[in-house]
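Only one structure is covered here, and it is reproduced in the block below.
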Amino acid sequence: ESATRPVSQSGRPVTGFVRPGTQSARPSTMEQALGTARTVTTARPVTTSSGRFVRLGTASMISEKDGPFISAARLNLQQYASKPALAKPLFEYFFYHENDVRSAMQLAAYATTAAEFKEWWWKSQLGKCYFRVGLIREAEKQFKSSLKVQDMIDTYLHLGKVYIRLDHPLTAIECYQKGLRRFPGEVTLLIAIARVHEALKDTISTRTVYREVLHQDNINVEASACLATNYFYSDQPEVALQFYRRLLLMGVS
């Protein structure tokens, strides 16, 4: 199978499904990871108010032409960290919209301290920041600490990514299976296990897990597409055709 099935530039077999994150280029340096914006142009608030109506307390949110909506340099992050209602959306703005990992990491560190290290959410977000900048072992510690406080599917998924980055695929599978024991039948964890098996070119295990995914979610596009590709390159085109027809019936083109 490995001699006939096409592989990607990284050497992994073609799966038949474009997954989130697989087409985006990773930053090559830490400076790019910390400061590269995700969008071409940053968002600005839609308003007709003039500058004289802006309160002093929101002066940091005044956007300049082609500038950020919120300037992290003008904010006292330690002060906002003690206000969860403001700190969480502010973190998500820095991390997801601006890709300002440095400011997001500082805010998460302050908030974790302010919460007396008892808030699982901040530990998980701090782990995401460490993972983004390449501090993989520190990210592992934060995710494990977060799971001690609260079991969450998202945390198991990110901890598995840590082990994959460390080139420990079997440990990643064990992590996902531990999450399945806590959340039986969770589709996202099953798909994560199937992806690891597929990267290891374990065809039989891949099929088994993807079939379990379809048992839990019979309209899952990734499972159907990957099974179709798997059967096609295993010289079983008639079985693959059944999955492709199913995808067409679901409106996937």
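Side chains are part of it too, since the values below use all heavy atoms of this structure and drop only hydrogens, waters and symmetry mates.
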Problem set entry | Side chain to side chain, Arg246 and Asn218, heavy atoms closer than 4.5 Å | yes
For this session: Output, in order, the C-alpha distance, side-chain angles, deciding distance and verdict of side-chain contact (heavy atoms from CB on, under 4.5 Å) for Leu90 and Leu75.
Result: CA-CA 11 Å; Leu90 187 61; Leu75 295 178; 3.9 Å; yes
Problem set entry | Option among Met105, Lys141, Glu138 that satisfies the side chain to side chain contact (heavy atoms under 4.5 Å, CB included) test with Leu126 | Met105
For residues 112-119, tabulate all N or O donor-acceptor pairs below 3.5 Å that involve a side-chain atom, not counting sequence neighbours.
{"unit_1": "Thr112", "atom_1": "OG1", "unit_2": "Ala108", "atom_2": "O", "d": "2.7"}
{"unit_1": "Thr113", "atom_1": "OG1", "unit_2": "Ala109", "atom_2": "O", "d": "3.1"}
{"unit_1": "Glu119", "atom_1": "OE2", "unit_2": "Trp121", "atom_2": "N", "d": "3.3"}

For this session: Could you give me the CA-CA distance, side-chain angles and deciding distance for Lys88 and Glu92, then say whether salt bridge (charged side-chain N to carboxylate O under 4.0 Å, His left out) is met?
Result: CA-CA 6 Å; Lys88 290 184 177 181; Glu92 291 180 341; over 6 Å; no
For this session: State whether the number of non-hydrogen atoms from other residues, nucleotides or ligands found under 6.0 Å of Asp235 atom CG is greater than 12.
Result: no
Report all side-chain donor-acceptor pairs from residues 174-187 shorter than 3.5 Å, counting only partners two or more places apart or in another chain.
{"unit_1": "Arg182", "atom_1": "NE", "unit_2": "Asp151", "atom_2": "OD2", "d": "3.2"}
{"unit_1": "Glu186", "atom_1": "OE2", "unit_2": "Thr188", "atom_2": "N", "d": "3.4"}
{"unit_1": "Glu186", "atom_1": "OE2", "unit_2": "Thr188", "atom_2": "OG1", "d": "2.8"}

For this session: Give a yes or no on whether a salt bridge exists between Lys128 and Asp154, defined as a side-chain N under 4.0 angstrom from a carboxylate O.
Result: yes
For this session: Look at atom CG of Leu200 and say whether more than 12 heavy atoms of other residues, nucleotides or ligands are closer to it than 6.0 Å.
Result: yes
Problem set entry | side-chain hydrogen bond (donor to acceptor under 3.5 Å, both in side chains) evaluation trace for Arg195 with Thr206 | CA-CA 7 Å; Arg195 290 175 179 176; Thr206 301; over 6 Å; no
For this session: Determine, step by step, whether His197 and Ile173 satisfy the side-chain contact (heavy atoms from CB on, under 4.5 Å) criterion, reporting the C-alpha distance in whole Å, the side-chain angles of both residues, the deciding distance to 0.1 Å, and the verdict.
Result: CA-CA 9 Å; His197 283 307; Ile173 292 175; 3.5 Å; yes
Exercise. Under 3.5 Å, is there a donor-acceptor pair between the Tyr163 and Glu140 side chains?
Worked result: yes
Exercise. Does NZ or CZ of Arg102 fall inside the cone over Phe94's six-membered ring, less than 6.0 Å from its centre and within 45° of the axis?
Worked result: no
For this session: Output, in order, the C-alpha distance, side-chain angles, deciding distance and verdict of side-chain contact (heavy atoms from CB on, under 4.5 Å) for Glu238 and Gln242.
Result: CA-CA 7 Å; Glu238 66 284 352; Gln242 295 178 7; 5.8 Å; no
For this session: Report the C-alpha separation of Phe131 and Gln142 in whole Å, then their side-chain angles, then the decisive distance to 0.1 Å, and conclude whether the side-chain contact (heavy atoms from CB on, under 4.5 Å) test is met.
Result: CA-CA 10 Å; Phe131 185 82; Gln142 292 298 325; over 6 Å; no
Exercise. Distance-only, no hydrogens or angles: does the Thr208 side chain make a donor-acceptor pair with backbone N or O of Ile204 under 3.5 Å?
Worked result: yes
Problem set entry | Any side-chain heavy-atom pair of Asn220 and Ile191 under 4.5 Å | yes
Problem set entry | Test log, rule side-chain hydrogen bond (donor to acceptor under 3.5 Å, both in side chains), inputs Tyr93 and Glu98 | CA-CA 6 Å; Tyr93 173 79; Glu98 290 297 310; 3.2 Å; yes
